[in-house]
Number of protein chains: 2
Amino acid sequence: MKEATLKEIAHQLGISITTVSKALKNYPDVSEKTRKAVIALAEELHYTPNSFAVNLRTKESKTIGLIIPEVVHHFFSGVVNGIIAEAEKNGYLVIILQSNESLELEKKQVALLINKRVDGIIMSLSNESNNDAHIKEILHKEIPFVQFDKISKLIPSSKVIIDDQKAAMEAVQHLIDMGCKKIAHIRGLANPQNSIDRFLGYKKALEKNGIPFDSSLVYSCKSITFEQGVDFAKQILEEDKGIDGIFVITDLVAVGVLAHFNEKGIQVPDQIAVIGFSNWLVSQVITPKLSTVDQPSYEMGVAAFNLLLEEMVCRKEGKIFEPKTIELPTSIIMRESTMKKIEA
Amino acid sequence: MKEATLKEIAHQLGISITTVSKALKNYPDVSEKTRKAVIALAEELHYTPNSFAVNLRTKESKTIGLIIPEVVHHFFSGVVNGIIAEAEKNGYLVIILQSNESLELEKKQVALLINKRVDGIIMSLSNESNNDAHIKEILHKEIPFVQFDKISKLIPSSKVIIDDQKAAMEAVQHLIDMGCKKIAHIRGLANPQNSIDRFLGYKKALEKNGIPFDSSLVYSCKSITFEQGVDFAKQILEEDKGIDGIFVITDLVAVGVLAHFNEKGIQVPDQIAVIGFSNWLVSQVITPKLSTVDQPSYEMGVAAFNLLLEEMVCRKEGKIFEPKTIELPTSIIMRESTMKKIEA
DNA sequence: GGTGTTTTCGAAAACGTTTTCGATGAAAAT
DNA sequence: ATTTTCATCGAAAACGTTTTCGAAAACACC
């Protein structure tokens, strides 16, 4: 069974390939009669243009690449969703690659995308990644490029981010507003920027409210897991420092804290209030419902694609593109885990 | 800045395009000297082959398409993960499209993938979908095709599934083994096959154990949400029928049930045992930890890709391919929500 | 030096499309 | 009748690659 091509249609209709192509693309210089005949036959033969040939001619693939550390992650799923939806709306397809937080894999993925001649690349860096050769290659090839979430400031490209520091400040401020006097912070891994920023936000919030910073109230995760939360909760109870509020790097860990407090009969929020980060699904279904910081993941995806689109259009017109940075607002979601009945 | 091409390299080296191409692809009929020169210059110019041209020649895109109802879903994320990983291992790229459970969108997606000339398509049908024209088109174009999870038996293609009915039977059997005498079922939507199969499994398990089926113990979800679970839990307590075990269509709903039971001080599992389905992340972090049925999502992805690969290879060799169906085993994960202390 | 063999290279066609530019014929204007 | 305009079409080049097939050169053998 032969693939239907312009040539085949032209042959069967006894006309030229040119005319067939024009008929299908509504060029004005083809008569209504032949146009109808062409369209009819094209339909009959299930003709679909060969995108390779089209792309080869037009130099456009109408495809963008997306590299993220992990698909199976609530936040990234949301972003992916936003990007795909927006891309589709604009006639673009999305190739998704996973770096699995490995720099080596990330380099391979970039090479693949360049090879595929994608029209643009959206990327959230893996933890190890920085201003490396493979990123420079993207810029060198002048491929439109947008970073989101985990970015490197050293790389001159558009960016979509949230202000982790500010969001963290607001979270801690919320705890203070709820009457917490001694607030602990369970922070993330050492390196990632957002882990650092959230820690700094925590510190700033304390400072702003005249609460002295006490480094013994900061617990550092070795991994971002439920169990880690359980362990720190245990430790916090054993140490009995009089902590009455905890700001946790992310919901998953916070849920671990809640689980252990539940088990030990600690009243949340009345004895200890807990606030997480990222608004995972689980935060809404846990008891007590977990207060958290909402990151607009879907909107970040939309924004990232639109920035990319802007650059693609700009580049196509031969203009030079000035990278932009979009900072999306976060919001505190107040739920049971911080809503004390007796306010101070 | 010009893109590096074979022609450019050939020109600079004063040799033919043919030789350059051969040198880069390790053909035996090119001298070591020219090969080295070519490779050196290619590197210097950051040459990467234009995949459009390659694909146009070779008729292979080394890309597969994946259509799923939703990315932001624990189960699908796992499958996506498996597919991407396995595809990558074999040098394939994955284009992911979302149908959002809309038949119309699904049709559009299929058309897009066909247009992109993907080498194969993996798909989980949307709820509305069946043996429609767009699926027939895939088969008609002889594009390798694998269905997974939500499949249509009417479509002759390879399939990767789990035995929902058997899995449900085992779940209910587990409740019975734990001493439950009066078991309710919160079932899913009316149409989807897996919702029906799990219901049938529930029925069969009762039958097998000589427990009469009572349709008043079956509650039908209007939507798959946490709130739905809360509502049914409320209803079950109000009706006070002496139910001591519940098999729930999926973990999210089951967690809603648990939340309400927790609130009302119902002892789970001692008063009422609860088992869910799918092993969502949330089931491991809820209190009490939710027993559930594990679906091997990652493995399904791997299996799906490998079936597709098999068909792609087979087709390329001109042989006819006989569709296969792989049924992956599920397993009961016993956690706190069913482990009664006092067994009957 | 002739014959055969091996090594190394290149011309050319093909993949399917888009687009430019000119050709053709008919209708309209002079 | 001649020119001008207009509508409709097609030839051909180009995109960058792969691969077939034959040519040329280099070498070996008698």
Side-chain angles (χ1 to χ4, degrees), chain A residues 1-39 41-42 45-63 91 112 114-119 141 316, chain B residues 1-39 41-42 45-63 91 112 114-119 141 316:
Chain A
M1 214 200 59
K2 261 178 66 180
E3 271 287 338
T5 64
L6 292 185
K7 193 200 285 186
E8 178 64 20
I9 296 176
H11 178 73
Q12 289 198 25
L13 253 37
I15 57 179
S16 79
I17 296 175
T18 308
T19 307
V20 176
S21 174
K22 284 179 180 170
L24 257 15
K25 304 193 75 200
N26 284 321
Y27 272 58
D29 62 343
V30 35
S31 72
E32 204 51 37
K33 210 180 74 184
T34 51
R35 185 195 314 284
K36 285 218 174 111
V38 167
I39 290 175
L41 186 57
L45 298 180
H46 295 255
Y47 171 79
T48 37
N50 183 317
S51 63
F52 301 143
V54 176
N55 298 156
L56 183 57
R57 258 302 303 227
T58 62
K59 308 273 197 182
E60 260 195 326
S61 66
K62 285 285 180 181
T63 303
L112 270 177
I114 290 179
N115 173 264
K116 270 282 165 190
R117 296 292 202 276
V118 290
D119 294 342
K141 295 241 175 201
K316 202 161 63 177
Chain B
M1 215 199 57
K2 260 179 64 178
E3 272 286 337
T5 64
L6 292 184
K7 193 199 284 185
E8 178 64 21
I9 295 175
H11 177 74
Q12 289 199 26
L13 252 38
I15 58 179
S16 78
I17 295 175
T18 308
T19 308
V20 176
S21 173
K22 286 179 178 170
L24 257 14
K25 304 193 75 199
N26 284 322
Y27 272 58
D29 61 343
V30 36
S31 72
E32 203 51 37
K33 211 179 74 185
T34 52
R35 184 195 314 286
K36 285 220 175 110
V38 167
I39 290 175
L41 186 56
L45 298 180
H46 296 255
Y47 171 79
T48 37
N50 183 317
S51 63
F52 302 143
V54 175
N55 299 157
L56 182 59
R57 259 303 301 222
T58 62
K59 308 273 195 179
E60 260 195 325
S61 67
K62 285 285 180 181
T63 304
L112 270 176
I114 291 179
N115 174 263
K116 270 284 165 188
R117 296 291 200 276
V118 290
D119 293 342
K141 295 240 176 204
K316 203 161 62 177

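The model shown is predicted, which means the values in this text are computed figures rather than measured ones. Letters A, B, ... are given to chains in the order of the sequence lines, protein chains preceding strands, and every chain is numbered from 1.
Rounded to an integer number of Å, the gap from CD1 of I9(A) to C1' of dT17(C) is 12 Å. Straight-line distance from the CZ atom of R57(B) to the C1' atom of dG16(C): 13 Å, rounded to whole Å. Atom C1' of nucleotide dT17(C) and atom CG of N115(B) are separated by 12 Å, given to the nearest angstrom. Taking atom CG of residue L56(A) and atom P of nucleotide dT18(C), one finds them 11 Å apart after rounding to whole Å. Rounded to an integer number of Å, the gap from CD1 of I17(B) to C1' of dG10(C) is 10 Å. dG16(D) atom P lies 7 Å from atom CG of N50(B), rounded to whole Å. Atom CG of L6(A) and atom P of dC15(D) are 19 Å apart (whole Å). Note: CZ (F52(A)) to P (dA14(D)) measures 24 Å, nearest angstrom.
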At a cut-off of 3.5 Å, list every protein nitrogen or oxygen paired with a nitrogen or oxygen from nucleotides 5-9 of chain C, distance to 0.1 Å.
| from | atom 1 | to | atom 2 | distance (Å) |
| --- | --- | --- | --- | --- |
| dC9(C) | OP2 | S31(B) | N | 2.8 |
| dC9(C) | OP2 | S31(B) | OG | 3.3 |
| dC9(C) | OP2 | T34(B) | OG1 | 3.1 |
| dC9(C) | N4 | D29(B) | OD2 | 2.8 |

Inset, instruction - Check the pair S51(A) / K62(A) against side chain to side chain donor-acceptor pair (under 3.5 Å), numbers first and verdict last. - result: CA-CA 10 Å; S51(A) 63; K62(A) 285 285 180 181; over 6 Å; no

Inset, instruction - Might you work through the salt bridge (Lys or Arg N to Asp or Glu O under 4.0 Å) test for K59(B) and E3(A), ending with a clear yes or no? - result: CA-CA 11 Å; K59(B) 308 273 195 179; E3(A) 271 287 338; over 6 Å; no

Inset, instruction - Give the C-alpha distance, both sets of side-chain angles, the deciding distance and a yes or no for side-chain contact (heavy atoms from CB on, under 4.5 Å) between N50(A) and T5(A). - result: CA-CA 8 Å; N50(A) 183 317; T5(A) 64; over 6 Å; no

Inset, instruction - Assess whether salt bridge (Lys or Arg N to Asp or Glu O under 4.0 Å) is satisfied between D29(B) and K22(B), documenting all intermediate values. - result: CA-CA 8 Å; D29(B) 61 343; K22(B) 286 179 178 170; 3.1 Å; yes

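Of all the heavy atoms in A10(A) and I17(A), the pair that sits closest is CB-N, 3.7 Å.
At dG16(C), one or more side-chain N or O atoms of K59(B) fall inside 4.0 Å of OP1 or OP2 (strictly under the cut-off). Between dG10(C) and Y27(B), no contact under 4.0 Å exists linking OP1 or OP2 to a side-chain N or O. Of the side-chain N and O atoms in K7(B), one or more sit less than 4.0 angstrom from OP1 or OP2 of dC15(D). Taking side-chain N and O atoms only, S21(A) has a distance below 4.0 Å to OP1 or OP2 of dT18(C).
Take the nearest nucleotide of DNA chain C for A53(B) and for G14(B): the residue whose nucleotide is more 5' is G14(B).
With salt bridges taken as basic N to acidic carboxylate O contacts below 4.0 Å, one links K316(B) and E60(B).
Residue H11(B) qualifies as open at atom NE2: its count of foreign heavy atoms under 6.0 Å is 12 or below.
Heavy atoms of T5(B) sit under 4.0 angstrom from primed sugar atoms or phosphate atoms, though from no base atom.
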